[in-house]
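All chains are named by letter (A, B, ...) in the order of the sequence lines, taking the proteins before the strands, and each is independently numbered beginning at 1. All values below were derived from every heavy atom in this structure, side-chain atoms included, with hydrogens, water molecules and symmetry-related copies excluded.
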Amino acid sequence: EAQVTQNPRYLITVTGKKLTVTCSQNMNHEYMSWYRQDPGLGLRQIYYSMNVEVTDKGDVPEGYKVSRKEKRNFPLILESPSPNQTSLYFCASGSEGTTNEKLFFGSGTQLSVL
Amino acid sequence: GENVEQHPSTLSVQEGDSAVIKCTYSDSASNYFPWYKQELGKGPQLIIDIRSNVGEKKDQRIAVTLNKTAKHFSLHITETQPEDSAVYFCAAKESGGYQKVTFGTGTKLQVIP
């Protein structure tokens, strides 16, 4: 089954404790991206990757890191989480050839930073 | 950069009625407009999209219309059913390549049985 898998589904942590949210897709998509969803703000892009070893900042990259060492994986790293990073996070991959159209989203990771 | 405004933020309709969600965009270069549906506890899922060379597109009970002159596009759901209850996002981007996708702020649709 074609899918984007995120883990964990829920995460509660404390300020300053490094964490990683994993994302994996099994559709051989070149494009992958991370979004955060906050009430009233919609989906805002954090980082994206057009291919292995090619990443770039989105609209809200501060406090986040990413890596793309393999085509299927695109982890999101919070080196020193802060309460303002409490949010619902989604990973997505692009299915339309060499574009980021027709995005496939994971099921989300609800992060709470205390 | 592109700015997408979406209205209303919440919408309640009786089962069987129609629902309309409207979006406006600012960048005249945008020419690809997808709509995503997010059910409770799930990620957004593409339900329909339209390109600027088309004024309207239908898929069963769902239709999208585009007015490039006015820079607005709308999602129409007819004969609404309880399973249509979800959050809907519109988005806009330049077609082709990896130009940025800009999302609206979402509309929470509730269909009352």
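Under the 4.0 Å criterion applied to side-chain N and carboxylate O atoms, A:Lys65 and A:Glu79 are assigned as salt-bridge partners. Looking at B:Asp49 and B:Lys57, a side-chain N of the basic residue comes within less than 4.0 Å of a carboxylate O on the acidic one, giving a salt bridge.
When heavy atoms are compared at a cutoff of 4.5 Å, A:Gln37 approaches chain B solely by way of its side chain, counted from C-beta outward. With a threshold of 4.5 angstrom between heavy atoms, A:Arg9 approaches chain B through side-chain atoms but not through N, CA, C or O. With a 4.5 angstrom heavy-atom cutoff, B:Pro44 touches chain A via backbone and side-chain atoms both. For A:Phe104, no part lies under 4.5 angstrom from a heavy atom of chain B. Of the two parts of B:Gln6, neither the backbone nor the side chain holds a non-hydrogen atom closer than 4.5 Å to a non-hydrogen atom of chain A. Contact of A:Leu43 with chain B is made through backbone and side chain together, with heavy-atom distances under 4.5 Å. Heavy atoms closer than 4.5 Å to chain A are found in the backbone of B:Glu94, but not in its side chain. Only the side chain of A:Gln45 comes within contact range of chain B, with heavy atoms under 4.5 Å apart. Looking at B:Lys93, the atoms closer than 4.5 Å to chain A (heavy atoms on both sides) all sit in the side chain, from C-beta outward.
Considering only heavy-atom pairs separated by less than 4.5 Å from chain B, the leading option among A:Val4, A:Leu103, A:Asp38, A:Leu88 is A:Leu103. Of all the listed residues (B:Gly104, B:Gly1, B:Gly41), the one sharing the greatest number of non-hydrogen pairs under 4.5 Å with chain A is B:Gly41. Interface summary for chain A: among B:Gln45, B:Gln38, B:Lys42, the most heavy-atom pairs under 4.5 angstrom belong to B:Gln38. For the options B:Pro34, B:Gly43, B:Ala91, B:Ser9, heavy-atom pairs under 4.5 Å to chain A are most numerous at B:Gly43.
Around CD of B:Gln60, the count of heavy atoms belonging to other residues, nucleotides or ligands within 6.0 Å does not exceed 12. Taking a 6.0 Å sphere around CD of B:Gln81, one finds it holds more than 12 heavy atoms contributed by other residues, nucleotides or ligands. Shown here is B:Leu40, whose CG atom has no more than 12 heavy atoms of other residues, nucleotides or ligands within 6.0 Å.
Checking A:Thr86, A:Val21, A:Ile12, A:Leu19 one by one against A:Leu111, the side-chain contact (heavy atoms from CB on, under 4.5 Å) holds for a single residue, A:Leu19. Shown are B:Phe73, B:Phe89, B:Tyr88; of these, the ring-ring contact (aromatic ring centres under 6.0 Å, His included) with B:Trp35 is made only by B:Phe73.
Counting all heavy atoms, side chain and backbone alike, B:Ile50 lies closest to B:Val54 at CD1-O, 3.5 Å.
Proximity of A:Val66 to A:Phe74: side-chain heavy atoms (C-beta onward) are separated by under 4.5 Å at one or more points.
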